[in-house]
Amino acid sequence: VALCEAEEAPPTYSRPYVGESRFNWKLFWQFLRPHNLLVLGVAIVLALGAALVNVQIPLLLGQLVEIVAKYTRDHVGSFLTESRNLSTHLLILYGVQVQQEGGPGGTQRSLPGAPEQDIAFFDAKKTGQLVSRLTTDVQEFKSSFKLVISQGLRSCTQVAGCLVSLSMLSTRLTLLLMVATPMLMGVGTLMGSALRKLSRQCQEQVARATGVADEALGNVRTVRAFAMENREEERYGAELEESRCKAEELGRGIALFQGLSNIAFNCMVLGTLFIGGSLVAGQQLRGGDLMSFLVASQTVQRSMANLSVLFGQVVRGLSAGARVFEYMTLSPCIPLSGGCHIPREHLHGAITFHNVCFSYPCRPGFQVLKDFSLTLPPGKIVALVGQSGGGKTTVASLLERFYDPTAGMVTLDGRDLRTLDPSWLRGQVIGFISQEPVLFGTTIMENIRFGKMGASDEEVYAAAREANAHEFITSFPEGYNTIVGERGATLSGGQKQRLAIARALIKQPTVLILDEATSALDSESERVVQEALDRASTGRTVLVIAHRLSTVRGAHHIVVMARGQVCEVGTHEELLKKGGLYAELIRRQALDTPAPEMPR
Ligand code: ADP
Ligand code: MG
């Protein structure tokens with residue numbers, strides 16, 4: 001065990017989903033094409049339209065000012081008639097602009113593909129990471145895609161369009177602007193990136209504080225049992241204080257940034273007015289054109305500021321998109337379904353392991369099973385015993401086809417498991433009961449029905465009776481509608497295990513795997529659960545994995561395994577007489593007789 005723990009450090013899993021991946025444009029296009037090309041086209045047209053409107057507005061404003069100026073000089077004609085057309089035009093454009101501000105809606109896609117991955121995939125991934133991909137990455141990608149279309153396209157067009165009109169209005173002013181703006185933008189970008197860094201630190205700190213709270217709340221029983229509430233609270237308080245400081249710092253930074261950018265902005269306006277004004281005075285520019293210039297240059301500045309924010313967003317969006325696509329394209333090695341079924345009337349339930357070798361995909365150098373052979377005759381109970389870490393659970397996982405053997409094969413009624421439909425195998429042939437039953441936070445009824453979708457209430461009751469669970473369930477005020485709490489927190493260990501048994505029995509499995517099903521229980525619940533298991537075992541092919549040898553005495557065969565190999569086979573008496581490893585294990589367990597009651 002120490003050896004494999006030492007090997008645990010670097011995950012040497014060489015499947016494609018390890019490491020940063022690049023954004024896959026081709027795939028992105030494929031996903032896009034069938035659904036949304038039309039929507040996308042409309043969005044692009046709208047964005048371009050908005051940009052053109054925004055380029056038009058300054059010019060119209062300039063013309064209006066020119067008319068105003070004309071009327072302040074010499075009061076001939078009707079101001080209203082002359083300006084009416086222009087004003088209406090402007091009003092319409094403003095209306096169009098408001099309506100387009102809403103921007104095109106995003107295209108909603110959820111991330112499929114997570115639950116059907118191989119078990120090996122889950123060995124190498126943290127659940128938190130997966131959940132984050134399901135939520136934040138999809139969100140992030142979606143919003144940046146939307147931004148690029150609605151804002152990016154528009155801002156680019158606006159910058160280009162306004163620059164053209166600016167240079168037509170006044171080349172000299174435009175040149176000045178072209179020098180000043182990038183300088184200011186550079187300073188702004190630097191400050192912005194410092195702020196972003198600060199904001200990231202702030203978020204991380206909040207996440208740390210949340211993590212502390214999460215851990216303390218999640219393990220509230222342990223915290224209470226050690227009377228550590230105060231210490232946990234202090235820990236949380238300290239983290240919170242830290243994030244408050246960070247948030248304040250960020251707030252000050254943002255205030256400074258906004259103040260400075262306001263000043264810069266106003267200085268630009270003032271500068272333009274000053275220089276432009278002297279041009280007007282020297283008759284080199286018309287007043288209206290100066291007005292157009294001012295408004296257009298502000299449009300340019302706003303668009304460029306938009307673009308710089310957008311750039312950061314796009315970088316993040318692309319990497320989020322790359323991560324999302326990675327999961328969408330990853331196809332599991334062991335499919336969820338597809339393959340032959342054996343009709344129920346021909347199904348005997350004979351299992352054989354033929355010289356199976358196996359190492360876990362995330363730890364390829366370490367061979368867990370070496371040339372392992374085992375036969376489970378139909379309708380018989382075979383017990384698998386051996387030291388902890390010897391590979392017993394691994395045998396069960398291969399039988400469930402959570403993994404495929406690296407060499408050799410596992411057969412059911414002589415057929416290679418790889419040719420059979422995995423969902424049929426798991427859903428209808430094999431019932432699996434493990435040491436740590438996992439229940440879902442819903443009603444007892446639904447938890448049992450999880451074993452067979454669409455089972456009738458009668459079937460649920462029957463399975464519960466068979467699992468010795470009906471009595472305690474009906475003793476609850478809500479009966480079968482009792483909610484079991486998150487992970488079954490409101491039930492005792494023995495009750496949870498009996499629900500898990502009912503859940504496995506409802507599908508009437510031909511093969512039953514019991515992986516240390518009673519070893520976490522106290523002796524009283526063990527007796528009730530064992531009774532249910534004994535009843536469930538009759539007439540089925542059963543693989544009993546047991547650490548505690550008292551539970552395997554009744555098995556037809558006992559297989560002793562050590563270091564991934566079978567080293568003894570026989571009945572209890574035969575093996576005792578032989579005086580090998582089994583006899584040694586029995587002798588050792590007899591020495592610590594009080595031990596069985598102790599939680600391991
Ligand atoms: P047992 O059930 O007999 O206690 P297991 O089959 O659980 O033993 O484990 C056998 C060996 O395989 C152990 O060395 C264990 O560290 C390793 N192992 C178990 N599960 C995994 C896994 N998901 N990934 C990598 N190694 C594993
Ligand atoms: Mg085990």
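Numbering of ligands and ligand atoms starts at 1, following listing order.
- Below 4.0 Å from some heavy atom of Q387 lie the following atoms of ligand 1, by number and element: 3 (O).
- In this model, no donor atom of one side chain and acceptor atom of the other lie less than 3.5 Å apart for N230 and E234.
- Here K392 has heavy atoms under 4.0 Å from ligand 1 in both its backbone and its side chain.
- If you look at F358 and F372, their ring centroids are not closer than 6.0 Å.
- Of the inter-residue distances, the one linking K452 atom NZ with L505 atom CG reads 12.5 Å to the nearest 0.5 angstrom.
- Nearest-residue assignment for atom 4 (O) of ligand 1 (options C362, G389, P364, S359; heavy-atom criterion): G389.
- Taken from CZ in R418 to CG in L425, the straight-line distance is 13.0 Å, to the nearest 0.5 Å.
- Remark: ligand 1 atoms within the under-4.0 Å shell around heavy atoms of Y403 are 23 (N).
- For ligand 1, the polar-atom distance check against F366 finds no nitrogen or oxygen pair separated by under 3.5 Å.
- The ligand atoms of ligand 1 that sit less than 4.0 angstrom from a heavy atom of T394 are 5 (P), 6 (O), 9 (O), 10 (C).
- Both the backbone and the side chain of T393 come within 4.0 Å of ligand 1, judged by heavy-atom distances.
- In summary, the side chains of T394 and Y360 do present a donor paired with an acceptor at a separation below 3.5 Å, with no hydrogens or angles considered.
- Of the heavy atoms in F402, none comes closer than 4.0 Å to ligand 1.
- Coordination check, Q435 versus the Mg ion (ligand 2): failed, since every N/O/S atom of the residue sits at 2.8 Å or beyond.
- A side chain to side chain donor-acceptor pair (under 3.5 Å) with Y480 holds for exactly one of E446, R449, H470; it is H470.
- Other residues, nucleotides and ligands contribute only 12 or fewer heavy atoms inside 6.0 Å of the CZ atom of F226.
- For ligand 1, the atoms lying closer than 4.0 Å to a non-hydrogen atom of G390 are 1 (P), 3 (O), 8 (O).
- Interatomic distance, E516 CD to L521 CG, rounded to the nearest 0.5 Å: 11.5 Å.
- Using a 4.0 Å cut-off to heavy atoms of V368, the atoms of ligand 1 that qualify are 10 (C), 11 (C), 12 (O).
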